[in-house]
Amino acid sequence: MNAATQTRASAPVLAIDPFAREFMDDPYPHFEAMREAGPVLWSPKYECYVVARHEDVQRVLSEWQTFSSAAGVGLANFNKEKPWRPPSIVLEADPPLHTRTRTVLARTMTPGVVRALRERFEREAEILVDRVLDMGTFDAVRDFAERYPTKVFPDALGLPEKGRENLLPYGNMVFNSFGPRNELTEAAFANAENVRGWIMANCAREALTKDGLGAMIYAAVDSGELNEDEAGMLVRSFLSAGVDTTVNAFGNMMWCLATFPDQWAKLREKPELARNAFEESLRYEGPAQAFFRTTTKETEIGGVKIDANEKICAFMQSANRDAARWDNADTFDIERKVVGHMGLGTGIHGCVGQPIARLEGEAVFAALARKAKSIELAGTPTRHYNNVLRAFATLPVRVTRR
Ligand code: QZP
């Protein structure tokens, strides 16, 4: 058989379940085996294709004309099944809709906006770091990672204080829902109606302050770029995407610093490395593991023919450890030239919030680098299992002050 005409049957089979806890406990040997097996694999359990090499992940995320987001970026194919919530008009959309909505979102994260946020973000970072230094031993999930993004980001958006405890449960629903319907999804949706009620109510114009990023979205209604419902949906995108991602990035970064003492020593010497160090943590231990696309037409990956309307899972975190792309891929190196990592995705759907995420990471880890002397694990971390997030449930850490 000619390589270009091979079909599903010729793609190597992915025997392991990438949404099982055993996989999540240590995905890296599995990622390596997946990259070795071939450019594209077939999962009989989930009836989807899987790409795990940097080259193929990059292509699938970049070629939006072939690999569509409009049928959902999770396992569920919206062409075949009803989505659990009205689809996102930016994430779960293709051009031209995506172009219009993303333009409005991007306007709320220009360098000018980020510059205006910096002072507040840096002040809150100092408060956070001083507090954990006073504690000495703390849980870097509860006392550190969860505290900061759930404060500075809703403040910047203009959300009310009351009810913010719904943000993390909502994120847990959103991110689990990108995977299969398994017991993780089921548990995440336990209190779904209350959580969704609060989220939807707080996407409304009246719920938001007049001077935040949320109000900037509504300004696009007044200028005729969006209708009122679309503005609410874009605020929902902020609430879906802007909290769990950074929370888990912070936890993962803290774990990196606590387990690579040479890198912590380097950061402490040069706090100005904080921004690149945070970026490297997005490569080495990124919070977003994988997202799906749906083929719009027959295509081919590495000689395997793929029909239209097939789901493809792109393992971004595997791309981030691909030895064909990275020297010492399995080493956390805060001075690495990290551009090209897939931790924030790539292409037209690459993370639109990255200027704010980077500001948060830089502010917090630069403050930590200036103020702390030592960082070490104070116990065994435990994992928070989520279908697409790499996350800790608990991360006991001990710090000392300079
Ligand atoms: C989640 C939305 C890492 C992500 C895919 C984050 C994300 C982005 C957008 C939305 C949700 O628009 O609801």
Side-chain angles (χ1 to χ4, degrees), residues 57 60-61 64 67-76 78 83-94 97-106 108-109 149 153 157 166-179 185 188 192 195-196 199-200 202-203 213-214 217 226 229-252 281-283 285-294 312-317 319-320 341-358 360-361 386-391:
V57 169
V60 166
L61 296 184
W64 59 267
F67 305 106
S68 165
S69 291
V73 300
L75 175 62
F78 297 172
W84 68 279
R85 58 173 194 168
S88 164
I89 60 173
V90 61
L91 178 73
E92 294 155 331
D94 293 333
L97 171 61
H98 168 269
T99 314
R100 180 164 60 88
T101 53
R102 175 150 178 139
T103 300
V104 174
L105 279 179
T108 71
M109 305 188 209
F153 189 63
L157 262 177
N166 288 294
L167 289 167
L168 287 170
Y170 188 66
N172 204 38
M173 288 160 59
V174 168
F175 286 94
N176 273 309
S177 72
F178 293 125
T185 328
V195 173
R196 284 174 78 170
I199 293 289
M200 293 321 294
N202 286 281
C203 290
L213 306 186
I217 302 283
L226 301 174
D229 290 346
E230 290 174 331
M233 287 291 282
L234 288 186
V235 175
R236 194 194 72 175
S237 288
F238 269 127
L239 304 185
S240 305
V243 183
D244 284 63
T245 45
T246 36
V247 162
N248 292 303
F250 274 31
N252 293 350
S281 83
L282 297 178
R283 181 197 71 86
E285 202 71 326
Q289 298 295 283
F291 287 99
F292 293 74
R293 295 292 187 263
T294 311
I312 303 181
C313 182
F315 264 98
M316 291 135 65
Q317 191 52 37
N320 282 348
H341 76 80
M342 294 291 130
L344 298 168
T346 192
I348 65 167
H349 288 280
C351 179
V352 70
Q354 56 186 284
I356 294 182
R358 289 192 176 117
E360 292 184 30
N386 178 290
N387 279 326
V388 298
L389 290 174
R390 185 144 181 81

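In this chain, numbering begins with 1 at the start of the sequence shown. Note that ligands are numbered from 1 as they come in the structure, with each ligand's atoms numbered from 1 the same way. Keep in mind that the numbers below use all heavy atoms, side chains included, and drop hydrogens, waters and symmetry copies.
- Between the side chains of D94 and S68, a donor-acceptor pair is found at a separation under 3.5 Å.
- Proximity of L61 to F67: side-chain heavy atoms (C-beta onward) are nowhere separated by under 4.5 Å.
- Between M173 and R196 the shortest side-chain heavy-atom distance falls below 4.5 Å.
- Each of L389, N252, L167, L168 was evaluated against V247; a single residue qualifies, L168, per the side-chain contact (heavy atoms from CB on, under 4.5 Å) test.
- Protein neighbours of ligand 1 below 4.0 Å, counting non-hydrogen atoms: R85, S88, V90, L91, F175, S237, S240, A241, F291.
- Between the E360 side chain and the A357 main chain, no donor and acceptor come within less than 3.5 Å of each other.
- Legend: residues meeting side-chain hydrogen bond (donor to acceptor under 3.5 Å, both in side chains) with N166, ordered by chain and number and at least two apart, are absent.
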